[in-house]
Amino acid sequence: MKDKIIKILDNVIDFMSEEQIDEFIEQPPKKELGDYAFPCFRLAKELHKAPQMIANDLVEQIKSSDADISFLDKIEVQGAYVNFFVKKNEYAKTIIEASIDDNYGSSNVGNGKVICIDYSSPNVAKNFHVGHLRTTVIGNSLYKIFTKLGYKVERINHLGDWGTQFGKLIVAYKNWGSEEAVKEKGIEELMRLYVLFHDKADEDENLHEEARAWFHKMETGDEEALKIWKWFYDISLEEFKRVYNLMGIEFDHYTGESFYRDKTAAVVEELESKGLLKDSEGAKIVDLEEYDMAPCLILKNDGSSIYATRDIAAVEYRKKEYNFEKCLYVTGQEQKLHFAQVFKVMELLGNDWAKDNLIHIPYGLVSLSGEKLSSRGGNVIYAEDILKEAINKIKEIINEKNPDLSEEEKENAARIVGVGSVIFNDLYNQRIKDVSFSWQHVTSFEGETGPYVQYTYARCSSILRNFNDFVPTKDIDIEVLTDNASIELLKEISRFNEVISEAADRYEPSVVARYAVDLAQVFNRFYTENRISVPEENIKNARLTLTYITRRILKDSLDLLGIGVVERM
Ligand code: ARG
């Protein structure tokens, strides 16, 4: 409908492109103002006329042009707006025709283009905490969104698996650790050793020297050093994968920092040959003063590479290997400067594309204000524990609400809804905002929550189960869908494409999460106001068709967030 209106306007306004007109068009807040409105304020300058006069002229021109406006009830001027009133049944018909298709929402705008997403990326020998949970779910959702738009997405886990901290860990393990303890407690024990190292090093400076020596051994391929490092790596990855499995998350590449250890020398050489490296107290840096940034450290004074060096090597590798159109980095805001420096260095190396195609996607903190969350020691909170607790809490609720489900069905629903509740809570708020975590809200079946959307999905499924001879078809009697609740539902259904593009343009999964809640709410209103089991076949079929379409869009929306659905809960 909107496209048709754009065409009509484009026909009578010659100094605006279809894209510009598209940007101007609004959906009026009140039904009295029509279905679409075109504001004329910003045309006044170009046309040297009052906006209201422009609006009047446009309507005249449209009416006297040969444009097909048979799908419109009327076109009206109100103030500086041209308001378009779409014929209700025409409107309903186009929406049903588009949305009944299983591929509704998909597009091919990204065909032939690659997007790299660097996300999750926890640190080996450290726990997978709630912050990593955020990058994991945001990255995974962006992967789903871009895939839906036809892009090929490379999912990259840039593990923090290299650096001086491993020298420290080896020293601590050799002095105060044991094989049994590491085997038994995994990351927890590695974290204990790491803290212990710092406590002891406060008294004994030499320990730092020893740690540097061990990292140096790692960098120069010492067998013993690499064997211990690899062991810690395997243990950590096993724990990380437990979290990923629980959430149904996969990666195409586990290429962490260690992957680039033999690729940093070339970076240093390139920087050197292009005259970008400067000495600074024995270290090598790229001076970024001109760009109001602190210098980017490339080599420490002991000659070892660092986080930024490996990130520069990673950009070059990815560009060569995947020829990405864009490379996205999902990390906390505190890494803003780091990425600004890395991107600037890439630009200075002569890569013009670096400016627009390397994109840092920051996010806010998770605030656990007053929440009691299980912690395994100290104040360390493991993502895995949160997910498991959510599953338990949802299990209790399901037990109460739906005691007749089989034990197996309850387990399955608790896992999907429990994990989904945490993911949804994380994605519902704007990415950049801090997320507050409250068990009562997260696991609630009402309000703006994952369980609420999943519950609405299960309700749609249950309705359709009751009418098992119903066959979805676009040839329904549109005339019976003209009540307000049905029209509102159709409007919501019609927004799905826009929602996905907006989420992609802004790298903002919350757009989809909010839409899922809106759609669920509007459906529930529709369902309260319209009985489905009526004697008139045409009415029943039309309402079932809306239920069928809503159910699939709810499922697809949740899927775009990385959340599953269950038929009963
Ligand atoms: N390991 C880092 C952390 O936990 C995140 C890595 C992000 N990706 C990158 N290419 N630097 O903070």
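Atoms within each ligand, like the ligands themselves, are counted from 1 in listed order. Note that the structure is predicted; figures quoted are calculated from it, not measured.
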Nearest neighbour in protein (non-hydrogen) for atom 9 (C) of ligand 1: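 Closest protein heavy atom to atom 9 (C) of ligand 1: His158 CD2, 3.3 Å.
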Atom 12 (O) of ligand 1 sits nearest the protein heavy atom Gln335 NE2, 2.9 Å
Using a plain distance cutoff, I'd like to know if [X] has any nitrogen or oxygen under 3.5 Å from a nitrogen or oxygen of ligand 1.
X      : value
Asn123 : yes
Arg318 : no
His338 : no

Within 45 degrees of the ring normal and closer than 6.0 Å to the centroid, is that where the cationic atom of [X] sits relative to [Y]?
X      : Y      : answer
Lys319 : Trp353 : yes
Lys355 : Phe343 : no
Arg310 : Tyr260 : no

Counting heavy atoms only, which part of Tyr119 comes closer than 4.0 Å to ligand 1: side chain, backbone, both or neither?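 It is neither; nothing of Tyr119 touches ligand 1.
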For ligand 1, does Thr135 get within less than 4.0 Å through its side chain, its backbone, both, or neither, judged by non-hydrogen atoms?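 Answer for Thr135: neither.
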If you take the nearest heavy atom of each of Thr331, Thr255, Val342, Val330, which one is closest to atom 7 (C) of ligand 1? Thr331
Could you list which atoms of ligand 1 come closer than 4.0 Å to a heavy atom of [X]?
X      : answer
Asp118 : 7 (C), 8 (N), 9 (C), 10 (N)
Tyr307 : 2 (C), 5 (C), 6 (C), 7 (C), 9 (C), 11 (N)
Tyr329 : 10 (N)

Under-4.0 Å salt bridge between Glu239 and Lys241: no
Any atom of ligand 1 sitting under 4.0 Å from a heavy atom of His132? yes
Criterion ring-ring contact (aromatic ring centres under 6.0 Å, His included) on Trp229 and Tyr233, from CA distance to verdict: CA-CA 6 Å; Trp229 166 79; Tyr233 176 96; 5.6 Å; yes
Determine whether the side chains of Asn412 and Arg415 contain a donor N or O and an acceptor N or O closer than 3.5 Å. yes
Hey, what do you get for CG (Leu297) to NE2 (His338), rounding to the nearest 0.5 Å?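 With rounding to 0.5 Å, CG (Leu297) is 11.5 Å from NE2 (His338).
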At what distance, to the nearest 0.5 angstrom, does CG of Leu193 lie from NZ of Lys168?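 The distance works out to 14.0 Å.
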